[in-house]
Amino acid sequence: MMTRRVVLAGAAATLAACQARLGSALTSADTHVLSYPTVQGVIRFGDILSERTDGRLSLKMFAGGQLGNERDTLEITTFGGLDFNRVNLAPLNSIEPLTKVAALPFLFDSTDHMRRSMDGEIGDEILASLRPHGLIGLCFYDSGSRSFYNTRGPITSPADMAGLKLRVPGSDLYVGMVQSLGADAVPMPLDEVYQSLAQGVVDGAENNWPSFESGKHFEVARYYSLTNHLLAPEVFVMSKVSWDKLSASDQSIVREAARQSVPYMRELWDEQVAKSRTIIAASGVAVNEVDPAPFANAMTGMWDRFIDNAQQRDMVERIQALRGSGAP
Ligand code: GTR
C-alpha cells in the first residue's frame with residue numbers, strides 16, 4: 001500500500017519533471033477532470049492573469065487528481081510545491097475552525113444565500129483565516145447542493161439510513177453529520193469512491209449533481225435522494241510561500257483575477273448541473289424528493305459539537321441573519 005509520504009514524493013517528482021518544460025508557469029491542482037467547472041474557472045483565472053501581466057505570469061493546471069487527492073495537494077500547496085489549489089472546504093476543516101461554519105449542513109437556505117454570505121465580509125474573514133496556515137484564500141466557487149445516493153434503495157427519512165455505510169470526505173464534520181443520521185461514515189478520498197461503491201465497500205455517498213455524474217458514481221449507485229443537506233462552497237487558494245514571492249502589484253492582480261473568474265465559473269456550474277441532471281435522468285437512476293425537515297432536525301445537535309468557539313458562533317448568527325433577504 002502506498003504511504004502518504006510516497007504519494008507526496010511522487011507528486012513532487014512529477015512537478016519537478018515538469019519544471020523545465022513549464023518555465024516560470026505557476027501551478028494549480030484539482031481533483032476534477034479538465035471539463036469540470038472548478039477546473040475551467042481556474043483556467044480562466046490563469047488566462048486573466050496572463051493578459052494582465054502580458055504573459056509574465058501564467059498557469060499550468062494539473063487536473064483529474066493527477067497530483068493526488070485534495071488533502072495531499074493541499075499539504076504540497078502549504079509548503080510551496082504547488083502555487084494554487086482549488087479544494088472543497090472539507091480538507092480545511094481540521095486546519096481552520098472557521099471553515100466549518102460554511103460547511104454546516106442546512107446553514108444556507110439557497111444558493112443565493114450562500115453567495116451573499118461568501119461574497120461579502122463573512123467570506124473574506126474565512127479566506128483571511130487561512131493565512132496563518134500557509135494559504136492565501138482568493139475566492140469561493142459554487143458547489144451546488146449535496147444529496148445522498150446509494151445502491152440499496154430510496155432514502156425518504158433518516159430512518160432509511162440506519163446501518164448504511166456512506167462515504168464522506170475526510171472531515172470530522174462530515175463524519176458527525178452522517179452519524180447523526182444513524183448511518184456509518186466511511187471517510188475516503190473522492191477517487192476511491194466509484195470502486196468502493198462497485199465492490200460494496202460502501203453502500204453510498206453524498207455529493208452534488210456534477211460530481212455524482214462526472215465520477216460515474218450514478219452507474220453503480222442507482223438511488224439519488226434529494227436531501228440537499230449541504231450548500232457549502234468550493235475555495236480557491238494560493239500558497240503563502242508563492243504569494244510572498246510576488247510584488248504587491250502582482251498580488252493585487254492575482255486577487256482581482258481570481259474574483260473575476262467567479263461569475264464565469266458560476267455560469268459554467270449552472271450549465272453543468274443541467275447537463276448532469278439530464279445524463280443521470282436518462283440513465284434511469286431513481287431520483288426522489290425528500291422533506292428536509294427531519295434531516296435538519298437530526299443534525300441540529302452536531303452544530304453545537306463543531307461550532308464550539310465564540311467567533312464561529314458569531315459567524316453562524318451573521319449568516320443566519322442573511323437568510324431569505326435576496327432572490328430565492
Ligand atoms: C466535490 C468537490 C470536490 C471534492 C468532492 C468530494 O463536490 O468539488 O472538491 O471535495 O466533492 O466529495 O470529495
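Order of listing sets the numbers, starting from 1, for every ligand and every atom in it. Quick note: numbers below take in every heavy atom, side chains included, and nothing from hydrogens, waters or symmetry partners.
Using a cut-off of 4.0 Å between Lys/Arg side-chain N and Asp/Glu carboxylate O, Arg52 and Glu256 are scored as salt-bridged. By the 4.0 Å N-to-carboxylate-O rule, Arg167 lies too far from Glu206 to be salt-bridged with it. By the 4.0 Å N-to-carboxylate-O rule, Glu125 lies close enough to Arg318 to be salt-bridged with it.
Ligand 1 has no N or O atom lying under 3.5 Å from any N or O atom of Glu206, backbone or side chain. Checked by distance only, ligand 1 and Asn207 come closer than 3.5 Å through their nitrogen or oxygen atoms. Here's the thing with Thr31: none of its N/O atoms is less than 3.5 angstrom from an N/O atom of ligand 1.
Contact record, Tyr149 with Ala221: CD1-CB, 3.7 Å, taken as the closest heavy-atom pair.
Looking at Glu234 and Ser143, their side chains do bring a donor and an acceptor atom within 3.5 Å of each other. Looking at Ser276 and Gln272, their side chains do bring a donor and an acceptor atom within 3.5 Å of each other. Using modelled atom types, one finds no donor on one side chain facing an acceptor on the other under 3.5 Å when comparing Tyr36 with Thr31.
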Handout entry: Working for ring-ring contact (aromatic ring centres under 6.0 Å, His included), residues Phe45 and Phe84
Key = CA-CA 11 Å; Phe45 155 80; Phe84 296 95; 5.0 Å; yes

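Within the structure, ligand 1 lacks Met188 among the residues with a heavy atom less than 4.0 angstrom away.
From the protein, the heavy atom lying nearest to atom 1 (C) of ligand 1 is Ser211 OG, 3.4 Å. The shortest contact between atom 10 (O) of ligand 1 and any protein heavy atom is with Asn88 CB, 3.0 Å. Considering only non-hydrogen protein atoms, atom 13 (O) of ligand 1 sits nearest to Arg167 NH2, 2.8 Å. Counting only heavy atoms of the protein, atom 3 (C) of ligand 1 lies nearest to Glu70 OE2, 3.2 Å.
Ligand 1 places these atoms under 4.0 Å from at least one heavy atom of Glu234: 2 (C), 7 (O), 8 (O), 9 (O). Proximity to Pro169 (heavy-atom distance under 4.0 Å) selects the following atoms of ligand 1: 12 (O).
Heavy atoms of Thr38 found under 4.0 angstrom from ligand 1: none, in either backbone or side chain.
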